[in-house]
Amino acid sequence: DSMFIENGLKLNVFNLWSNYEYTFHIYAQVDYDDGQGVQEVLVFTEKITTSAKAIPSASLGTMAVDGDDVTFTVTGYSNPDNVTFELRAVLYEDGVEIAQMVINESGSYSFDDVYDGGSRYTIRLYIDYDVNDSKGLIEDVHIDSMSVIIADKNE
C-alpha cells in the first residue's frame, strides 16, 4: 500500500491489516534559530482505511451415494485476495461425523468405503480463514451443505 503526501513525497507501508483505519503522522525536526534548539513539529496527518479482503468461497454442486462411496462436487472455489484459509468437507451419517477431507479446488471428490447402512448422508463445507483484519483465524464457518436420503439398499 502507498499514499502520496504533499510535494510529491510518497510513503510506502506494508503488511497492514485489511478493513482497518490507520492514522499517519509525519514529524520533522526543525531549528527555527530562535534559541529553542531543535524542535519536533507535526507537518502532516492523514487517516486511511484499508480495503477489506474477500472471504474465500465455494459451494457444493452435486452429491450421490455410489456403491459404498459418497461422491460430491465442489464448485465456485475462489480466493480472489489470496487469503490464508482451509476448506474442509465433512461427511455425516445420520447426524454423526464419520469422515472429513481438505478441499483444494473445484472438482469431484469421494469419501470411499463409507456407506454403512445409514439412511441420511450429509456433507457440510466449513472454512477456516484469516483475512488479516486483526481478528485472527476464524474457524469452522459453515458455508454450504447437502444431504441425500438412502432407501434400504437391500430391497
Closest non-hydrogen contact found for Met63 with Val70 is CE-CG1, 3.9 Å

side-chain contact (heavy atoms from CB on, under 4.5 Å) between Trp17 and Tyr22: does it pass, once the steps are laid out?
CA-CA 9 Å; Trp17 287 331; Tyr22 289 90; 3.6 Å; yes

Please give me the minimum heavy-atom distance between Ser147 and Thr122, naming the atom from each residue.
OG-OG1, 2.7 Å

Atom pair CG (Asn104) and CD (Glu86), whose distance is rounded to the nearest 0.5 Å
8.5 Å

Using atom types as modelled and distance alone, determine if a side-chain donor or acceptor of Asp81 lies under 3.5 Å from a backbone N or O of Val83.
no

Closer than 3.5 angstrom, by distance alone: can the side chain of Asp94 be matched with the main-chain N or O of Arg120 as a donor-acceptor pair?
yes

Quick one: does Leu87's side chain get under 4.5 Å of Ile143's, heavy atoms only?
yes

Of all heavy-atom pairs between Pro80 and Ala54, which one has the smallest distance, and what is that distance?
CG-CB, 4.0 Å

Looking at Gly61 and Met146, what are the two nearest heavy atoms and their distance?
O-CE, 3.5 Å

Mind checking the CG-CG spacing from Asp69 to Asp112? Nearest 0.5 Å is all I need.
4.5 Å

Evaluate side-chain contact (heavy atoms from CB on, under 4.5 Å) for Lys47 paired with Thr23, printing each intermediate quantity in order.
CA-CA 4 Å; Lys47 282 188 177 186; Thr23 302; 3.3 Å; yes

Can you tell me how far apart CG (Asn79) and CD (Glu105) are? Round to the nearest 0.5 Å.
13.5 Å

Can you tell me how far CG of Leu42 sits from OH of Tyr27, rounded to the nearest 0.5 angstrom?
5.0 Å

Taking every non-hydrogen atom, the tightest pair across Ser108 and Thr73
OG-CG2, 3.6 Å

Between Asp68 (side chain only) and Val114 (backbone N and O only), is there a donor and an acceptor less than 3.5 Å apart?
no

Inter-residue atom distance Arg124.CZ - Leu91.CG, 0.5 Å rounding
10.5 Å

Hey, quick one: are Tyr77 and Tyr129 part of the same hydrophobic cluster, counting side-chain heavy atoms closer than 4.5 Å, chains of contacts allowed?
yes

Answer yes if Ile138 and Tyr126 sit in the same cluster of Ile, Leu, Val, Met, Phe, Trp and Tyr residues linked by side chain heavy atoms under 4.5 Å apart, and no otherwise.
no

Over 12 foreign heavy atoms within 6.0 Å of CZ, Arg88:
yes

Quick one, Glu21 and Thr49 - any side-chain contact, counting heavy atoms below 4.5 Å?
yes

Could you report the tightest heavy-atom contact between Ser51 and Ser18, atom names first, then the distance?
O-CB, 3.2 Å

Any Val41 side-chain heavy atom under 4.5 Å of Tyr32 side chain
yes

May I ask you to check whether Phe111 and Phe72 place their ring centers less than 6.0 Å from one another?
yes

Is there a chain of hydrophobic side chains (I, L, V, M, F, W, Y, each step under 4.5 Å between heavy atoms) that links Tyr121 to Met101?
yes

Do Thr75 and Ser59 pass the side chain to side chain donor-acceptor pair (under 3.5 Å) test, and can you show the C-alpha distance, the side-chain angles, and the key distance before you say yes or no?
CA-CA 5 Å; Thr75 61; Ser59 59; 3.0 Å; yes

If hydrophobic clusters are built by linking Ile, Leu, Val, Met, Phe, Trp and Tyr wherever their side-chain heavy atoms come under 4.5 Å apart, do Leu60 and Val90 end up in the same one?
no

Does the side chain of Ile127 reach to within under 4.5 Å of the side chain of Pro56, using non-hydrogen atoms?
yes

Would you say Tyr115 and Tyr92 are hydrophobically clustered, going by side-chain heavy atoms of ILVMFWY under 4.5 Å?
no

Is it true that, when you exclude Tyr20 itself, more than 12 heavy atoms of the residues, nucleotides or ligands shown sit nearer than 6.0 Å to its OH?
no

State the CZ-CG distance between Phe85 and Asp128, to the nearest 0.5 angstrom.
10.5 Å

